[in-house]
Amino acid sequence: MTTYTAAHWGVYEVDPSAAEGPTIRPVAGDPDPSSIGLHQLDPGLNRTRVRRPAVRKSWLEHGPGARTDLRGREPFVEVSWDRALDLVAAELERVRTRYGNAAIFGGSYGWASAGRFHHAQSQVHRFLNTIGGYVRHLNSYSLGAAHVILPHVVASMTDLQHMHTSWDVMAEHTELFVTFGGVPAKNAQMAPGGSGLHRVPEGLRRMQKAGVRFVNIGPVDDNLKTGGDHEWIPARPNSDVAMMLGLAWTLVDKGLCDRAFLASHCVGFERFERYLIGADDGVAKTPAWAEALCGVPAARIEALAVEMAGSRTMLNVAWSLQRAHHGEQPFWMVITLAAMLGQIGLPGGGFGVGYGAMNTLGSPHRRLSGPRLDQGRNAVDAFIPVARIADMLLHPGETFPYDGIDRTYPDIHLVYWAGGNPYHHHQDLNRMEKAWQKPDTIVVNEQCWTATAKRADVVFPATTGLERDDISYATQEGLLVATKQVVPPFAEARHDFDIFAGLAERVGVTEAFTEGRDAEAWLRHIYGDCRERWQKAGVDIPDFDGFWETGLVDLEQVAEPVVMLSEFRSDPEAHALKTPSGKLELFSEEIASFGYADCPGHATWMAPCEWLGSDKADTFPLHLISDQPARKLHSQLDDSSFSRKGKVGGREPLMIHPDDAARRGIAAGDVVEVFNARGRCLAAAMLSEDIMPGVVRMSTGAWYDPDPETGLERHGNPNVLTLDIGTSSLSQGCSAHTCLVEVRGPVNEPAPVRAFEAPELISGDDL
């Protein structure tokens, strides 16, 4: 009988009895399996594992709040599990009693485990809810702007990503696929909870074979691979809205708008059109106007608009576009442009907000909610948009705008983080270092000595997905998987459930947290609940014992072609949207009423605060793109041999155009320093003509490795450079892709990388 395991990057088959130890191979039938997961058993990964509970020396000796400036700089003391659990339980009680539960931040942003029970985020939130609640975060770094703007315009981002037109429909009906930011297959290796069969590369190849014409607009060209030719239109970063406005102006000027669709399915086009033609501000958004901003010739903008109107056209925007200052606008504008073409709801036409961002988008599988651990009820109302954590820690008590309401940053004294790495996700890490000194106590459950673990006060060693039994399932991925333990827990590592059960016992909430179940009983419980819900939806699956024996349930039989918003198109009254008007809101009265100068009532071009045409570009003339990595998921498995092979001399590569490199005396493979006013880091130059002059790219995911004396980041983490401001007053999303830098080099005798070294560890017996 085949044994399976699963991670966010795919489902894999395991041979547990191989002579050299367990081995992993892709699940049968996967046309484009991710290589990332094949290296989960890399022996070298144990070098970075946390072996025993560990407590920062000053915190242990002097108590909460002691020398927080030494986080990341001083030794840890390894202690027994009982002592560590006693210390954290006592600190939780101290903070709750003195400051209340609103002084606890339940951080758990990150992809954590693909398992539905041993899911660190669910576990920490459930535990904190049993003791009275915690301050939570909303939305995500990936989609902070989209999550807030899209419900005002069309539907929630969650709903939209589950209704994207499927790849088979586009292969049959789409004639022209225009994408702003590509369709990066490297990103589509993933799905939260575990990718099923990887469909994006095959979907693109099928479309190419069917004769679909592809146009890729943006600063790089290696983010679209179709198996054939495509057109690349280089465009400046953060200029997509300007180009879309030039396209929209052409549709109006040439009488190519579908005004019947705009009248029947949309509201507010007349207000947007006044802006477009310059009736309000005296500036017509012509192709010539757009050319000056995006760098695309006006003639090509005009011709492309005509081609789009004369073809069954799918417009796509990458998620990266809304991870920028004014990031709400590209998503609003692409919907406006698609509405003007009038093809929304037609097979193969309309828009996509992130084809290629995850494996799930374009899936034909039904939206079925899988097994889940109830997190309970949070009695604390306070929250922050996820990307505002440094603001919260640095400015307690200050107000901030969010989606029409002014809110207040809470005063946080304790951070509990499980299943994530803020020193990967967050921007301006030098600022984050200052903010991270604010709480009295930081506790993490962690598998490895990440930068976050090194900057904690108490570290509990946690197991990996291969060290425990679980159930993996991702909505619309088509596979329900029994992920069985492959290897024993490393050293003294424990499951998150067991860690929180130990804390629950000490603070008197054992029954509320465990409900009398151990891990196996919980697996049976959440599976049984899922089975009952699916039966009501007409989907039968085996009982738990049958499932556990076979190891995998294939849901292919419930898959069928999908056309986004087809029912809304056919009858906008009977299938009204959840917007205030029930229609596509090209002008939003609600957003306009908020009075935000940085997010008005319709899609609008606004220059970002760091812009290649600004004065800042004189000092920092290169725009930095910090995209997702190809050889790891965010920072997960960065220490694997597979990830290391993608580095140059142990550092992350910096993609730079040959002309920009030549002007700076930089050759391929040189170690270079990338810098701006926020920070500086080392990287390795990789010369390529797939990137525009004036733009550089350094993927995220390198474990943060600052020199403690100089602050120079040695490994190639772009988030020492990126901008930590909200996208706008509306969503307060992440603005990482608005970032100007300079590059100099070569750097002679660069500092060695020490990212994967554990901190100094002292035996508790010595104190």
Side-chain angles (χ1 to χ4, degrees), residues 139 142-154 157 160 178-181 217-219 235-249 266 268-269 271-276 280-281 283 285 289-290 293-294 296 301 315-340 351-354 385 387 401-404 579 584-588 590-592 594-614 623 723 725-739:
N139 308 324
S142 296
L143 287 166
H147 275 303
V148 181
I149 187 69
L150 289 175
H152 290 284
V153 179
V154 54
M157 182 64 205
L160 280 178
V178 178
T179 179
F180 292 82
I217 302 167
R236 292 188 187 112
N238 293 181
S239 71
D240 307 272
V241 171
M243 182 170 175
M244 290 185 214
L245 286 166
L247 293 167
W249 187 92
C266 309
F269 178 71
R271 298 285 296 272
F272 169 78
E273 188 175 21
R274 287 182 55 82
Y275 165 75
L276 182 67
D280 290 334
D281 60 6
V283 179
K285 314 310 181 292
W289 169 87
L293 295 168
C294 66
V296 179
I301 295 174
L315 302 177
N316 181 61
V317 287
W319 288 2
S320 59
L321 271 63
Q322 54 85 65
R323 298 182 73 239
H325 196 204
H326 309 307
E328 296 84 3
Q329 303 308 313
F331 274 39
W332 202 349
M333 187 61 219
V334 80
I335 295 168
T336 302
L337 188 58
M340 294 173 69
F351 67 92
V353 282
Y402 175 79
D403 202 13
T579 60
L584 295 164
E585 302 227 346
L586 309 187
F587 179 90
S588 169
E590 187 171 42
I591 291 178
F594 298 159
Y596 297 149
D598 56 359
C599 191
H602 55 70
T604 305
W605 158 255
M606 289 171 282
C609 60
E610 296 193 5
W611 172 242
L612 285 175
S614 68
H623 189 111
L723 185 66
I725 64 168
T727 50
S728 79
S729 302
L730 182 78
S731 74
Q732 300 287 353
C734 160
S735 296
H737 282 295
T738 295
C739 180

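For this chain, numbers begin at 1 and follow the sequence in order.
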Distance (rounded to the nearest 0.5 Å) between Thr579 OG1 and Leu150 CG: 12.0 Å
Donor on one side chain, acceptor on other, Thr738 and Glu610, under 3.5 Å: no
Gly354 to Asn316 - nearest heavy-atom pair and separation: N-OD1, 3.3 Å
Test log, rule side-chain hydrogen bond (donor to acceptor under 3.5 Å, both in side chains), inputs His325 and Asp598: CA-CA 9 Å; His325 196 204; Asp598 56 359; 5.6 Å; no
Closest approach of Ala242 to Ala290 (non-hydrogen atoms, all atoms of both residues): O-CB, 3.3 Å
Heavy-atom side-chain contact between Val148 and Asn139 under 4.5 Å: yes
Straight-line distance of Leu586 CG to Met333 CE, nearest 0.5 Å: 9.0 Å
Residue pair Ile591 / Pro600, side-chain heavy-atom distance below 4.5 Å: no
Name of the residue among Tyr275, Trp611, Trp332 meeting ring pair (Phe, Tyr, Trp, His ring centres under 6.0 Å) with Trp605: Trp611
Donor-acceptor side-chain pairing of Tyr596 and Asp403 below 3.5 angstrom: no
Separation of Leu247 CG from Met244 CE (nearest 0.5 Å): 8.5 Å
Donor-acceptor pair between Ser735 and His737 side chains, under 3.5 angstrom: no
Between Gln732 and Thr727, a side-chain donor and acceptor under 3.5 Å: no
Chi angles and distances behind the side chain to side chain contact (heavy atoms under 4.5 Å, CB included) call for Val178, Ile217: CA-CA 8 Å; Val178 178; Ile217 302 167; 3.7 Å; yes
Polar side chain donor-acceptor pair, Glu590 to His152, under 3.5 angstrom: yes
Side-chain heavy-atom pair Met340, Leu276 within 4.5 angstrom cut-off: yes
Gap separating the CG atom of Leu321 from the CD atom of Glu328, nearest 0.5 angstrom: 12.5 Å
Residue pair Asn238 / His326, side-chain donor-acceptor N/O under 3.5 Å: no
Met157 vs Trp319 side-chain heavy atoms within contact, under 4.5 Å: yes
Shortest non-hydrogen separation from Tyr402 to Pro385 and the atoms involved: CD1-CG, 3.6 Å
From Glu585 atom CD to Cys266 atom SG, the distance as rounded to the nearest 0.5 Å: 10.0 Å
Within-4.5 Å side-chain heavy-atom neighbours: Trp289 and Val283: yes
Where Ile725 and Cys609 come nearest, the two heavy atoms and their spacing: CD1-SG, 3.7 Å
Shortest non-hydrogen separation from Gly327 to Pro330 and the atoms involved: O-CD, 3.2 Å
Contact check, side chains of Phe331 and Leu160, non-hydrogen atoms, under 4.5 Å: no
Donor-acceptor contact below 3.5 Å, side chain Thr604 vs main chain His602: yes
Distance in Å, Ser588 OG paired with Leu730 CG, rounded so as to fall on 0.5 Å steps: 8.5 Å
Contact check, side chains of Ser728 and Gln329, non-hydrogen atoms, under 4.5 Å: no
Leu584 and Ile335, any side-chain heavy atoms less than 4.5 Å apart: yes
Check ion pair Asp240-Arg236 (N to O, under 4.0 angstrom): no
